[in-house]
There are 2 protein chains.
Amino acid sequence: MREKTERVIREWTDSCDAEVSIAVLGGAWKPSILSLLARHGVLRFGELGRLLDNPTARVLTRQLRELEQDGLVVRTVYQQVPPKVEYRLSELGESAGPLVEALTQWGGQYAAQQRAGLTAAPVG
Amino acid sequence: MREKTERVIREWTDSCDAEVSIAVLGGAWKPSILSLLARHGVLRFGELGRLLDNPTARVLTRQLRELEQDGLVVRTVYQQVPPKVEYRLSELGESAGPLVEALTQWGGQYAAQQRAGLTAAPVG
DNA sequence: CGGCATCCTCGTTGATACTG
DNA sequence: CAGTATCAACGAGGATGCCG
């Protein structure tokens, strides 16, 4: 797994398990990547890029590598020209589905409420 | 709410609501702070510091301010000497309880599984 | 097509010292 | 007690360009 994830895991015995989840799921695009893979099953690198908001290849690569190192996604390289690389969820990745869903729901409610609050009583 | 949170909320309409949750809950100590406040009800600044692993005052202050700006905690200042400041969850903060719990559970399972894997087949 | 190498910017974390 | 001010270190995210 990634060094960051490993460090977070090593440094805690107590209640901070939530930080482990955030270390694993907390990167840019990661929840979206997991959601997309859950919905589509298998996706190629370019497909993921288009379904997201076209992050730079460097960034998308990085997120996918981290998810792979943390054991959530499986990367399959087809040795051919032009190259073809497929990504899918591992069992561990699938186990994160409900959690990502919970994050999405609460985040959506929160965002909606904040937007309503801002409209009713603008702060900025 | 914080600029970071606001930006995340502004920049998404679609599936990335999960990133909103992570923007709000993702800071250092934040899940632990929310858990502690959920368990204890009301805590003073110093009590929080001791219950956590004694983060520097600057860091703890920052996390609490962000949680306050994001509407999850309520800060009460007693004008007296010596100073006394109390923190408690807002309704919004309480609504995050199940989510923090879900993060904790998945993170705990993940960490346990990774530790077992590391023991069985050390990587480092 | 699916990357990697390089460079840069910014935010977050944190140590240390000081204050009302 | 509950902070603030200052400074340093680090990593994530991103732009750009090249490659097999």
Side-chain angles (χ1 to χ4, degrees), chain A residues 1-8 11-12 16 19 22-33 37 42-70 73-88, chain B residues 1-8 11-12 16 19 22-33 37 42-70 73-88:
Chain A
M1 86 195 98
R2 282 182 302 148
E3 208 217 318
K4 175 181 178 179
T5 307
E6 197 170 348
R7 171 164 35 84
V8 172
E11 290 178 0
W12 266 283
C16 307
E19 306 226 11
I22 290 174
V24 174
L25 305 178
W29 314 104
K30 281 185 187 174
S32 300
I33 290 171
L37 290 180
V42 176
L43 286 171
R44 297 180 58 175
F45 183 86
E47 292 176 316
L48 270 168
R50 282 185 295 275
L51 289 170
L52 302 169
D53 198 22
N54 287 310
T56 61
R58 183 193 184 287
V59 172
L60 181 54
T61 300
R62 200 174 163 73
Q63 307 308 314
L64 288 168
R65 290 289 200 286
E66 291 176 357
L67 288 171
E68 188 193 5
Q69 287 172 44
D70 286 345
V73 309
V74 178
R75 178 169 176 263
T76 311
V77 181
Y78 294 85
Q79 280 299 346
Q80 59 183 50
V81 177
K84 175 180 172 182
V85 180
E86 284 181 351
Y87 295 89
R88 61 181 176 79
Chain B
M1 86 194 99
R2 282 183 302 149
E3 209 217 319
K4 175 181 180 179
T5 307
E6 197 170 348
R7 172 163 36 83
V8 171
E11 289 179 0
W12 266 283
C16 308
E19 306 226 12
I22 291 173
V24 174
L25 305 178
W29 313 103
K30 282 186 187 173
S32 300
I33 290 171
L37 291 179
V42 176
L43 286 171
R44 298 180 59 173
F45 183 86
E47 292 177 316
L48 271 168
R50 282 185 294 275
L51 289 170
L52 302 167
D53 197 23
N54 287 310
T56 61
R58 183 191 185 288
V59 171
L60 181 54
T61 300
R62 198 173 166 72
Q63 307 308 314
L64 287 168
R65 288 290 199 285
E66 291 177 358
L67 288 171
E68 187 192 7
Q69 286 171 45
D70 285 345
V73 310
V74 177
R75 178 168 176 264
T76 309
V77 181
Y78 295 84
Q79 280 299 347
Q80 61 183 49
V81 177
K84 174 179 171 181
V85 180
E86 284 182 348
Y87 295 90
R88 60 181 178 80

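The shown structure was predicted, so the numbers you read here are calculated from the model rather than taken from an experiment. First the proteins, then the strands, lettered A, B, ... as listed; each starts at 1.
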Among the candidates [options], find the nucleotide nearest to the side-chain atoms of [X].
{"X": "B/Pro82", "options": "D/dG3, D/dC1, C/dC1", "answer": "D/dC1"}
{"X": "B/Thr56", "options": "D/dC1, C/dT16, C/dC1", "answer": "C/dT16"}
{"X": "A/Val85", "options": "D/dG3, C/dG2, D/dG13", "answer": "C/dG2"}
{"X": "B/Ala57", "options": "D/dT4, D/dA2, C/dG14", "answer": "D/dT4"}
{"X": "B/Ala28", "options": "C/dG14, D/dG13, D/dA2", "answer": "C/dG14"}

Nucleotide [N], atom [atom2] - distance to [atom1] of [X] in whole Å:
{"X": "A/Ile22", "N": "C/dT12", "atom1": "CD1", "atom2": "P", "value": "14 Å"}
{"X": "B/Lys30", "N": "C/dT13", "atom1": "NZ", "atom2": "C1'", "value": "12 Å"}
{"X": "B/Arg44", "N": "D/dG3", "atom1": "CZ", "atom2": "P", "value": "10 Å"}
{"X": "A/Tyr87", "N": "C/dG2", "atom1": "OH", "atom2": "P", "value": "8 Å"}
{"X": "B/Arg75", "N": "D/dC1", "atom1": "CZ", "atom2": "P", "value": "16 Å"}
{"X": "B/Glu66", "N": "C/dT12", "atom1": "CD", "atom2": "P", "value": "6 Å"}
{"X": "A/Arg50", "N": "C/dG2", "atom1": "CZ", "atom2": "P", "value": "8 Å"}
{"X": "B/Leu64", "N": "D/dT4", "atom1": "CG", "atom2": "C1'", "value": "15 Å"}

Query raised in the report: Contact class for B/Gly27 vs. all strands (heavy atom < 4.0 Å): base, sugar-phosphate, or nothing?
Result: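 B/Gly27: backbone/sugar contact only, no base atoms under 4.0 Å.
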Query - Residue whose nearest DNA chain D nucleotide is more 5′ - A/Pro83 or A/Lys4 - result: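 Of the two residues, A/Lys4 wins.
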Query - Donor-acceptor pair present, B/Arg62 side chain and D/dT4 base, under 3.5 Å - result: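 No such pair is found, so the answer is no.
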Report task. Classify the side chain of B/Arg58 versus the base of C/dT12 as yes if they form a donor-acceptor pair under 3.5 Å and no if they do not. Result ->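 For B/Arg58, whose side chain was compared with the base of C/dT12, there is no donor-acceptor pair (under 3.5 Å).
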Any heavy-atom pair between the side chains of [Y] and [X] that's under 4.5 Å?
{"X": "B/Phe45", "Y": "B/Leu64", "result": "yes"}
{"X": "B/Leu60", "Y": "B/Ile33", "result": "yes"}
{"X": "A/Arg2", "Y": "A/Arg65", "result": "no"}
{"X": "A/Val8", "Y": "A/Val24", "result": "no"}

Hey, does the side chain of [X] come within less than 4.0 Å of [N]'s phosphate (OP1/OP2), counting only N and O?
{"X": "A/Gln63", "N": "D/dG13", "value": "yes"}
{"X": "B/Arg65", "N": "D/dA2", "value": "no"}
{"X": "B/Trp29", "N": "C/dG14", "value": "yes"}

**Report entry** Considering all heavy atoms, the nearest A/Ser32-B/Cys16 contact
**Finding:**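 In terms of heavy atoms, the two residues are closest at OG-SG, 3.0 Å.
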Query raised in the report: Do you know the tightest heavy-atom contact between A/Trp29 and B/Glu19?
Result: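 Answer, listing the atom of A/Trp29 first, then B/Glu19: N-OE2, 3.0 Å.
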Query raised in the report: Passes side chain to side chain contact (heavy atoms under 4.5 Å, CB included), A/Leu67 versus A/Lys30? Steps please.
Result: CA-CA 8 Å; A/Leu67 288 171; A/Lys30 281 185 187 174; 3.8 Å; yes
Report task. Compute the bend angle of the helix from C/dC1-D/dG20 to C/dG20-D/dC1 from the end axes (five pairs per end), rounded to 10°. Result ->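 Taking five pairs per end, the axes differ by 50°.
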Query - CA sep, side-chain torsions, deciding dist, call: B/Glu66, B/Lys4, salt bridge (Lys or Arg N to Asp or Glu O under 4.0 Å) - result: CA-CA 10 Å; B/Glu66 291 177 358; B/Lys4 175 181 180 179; over 6 Å; no
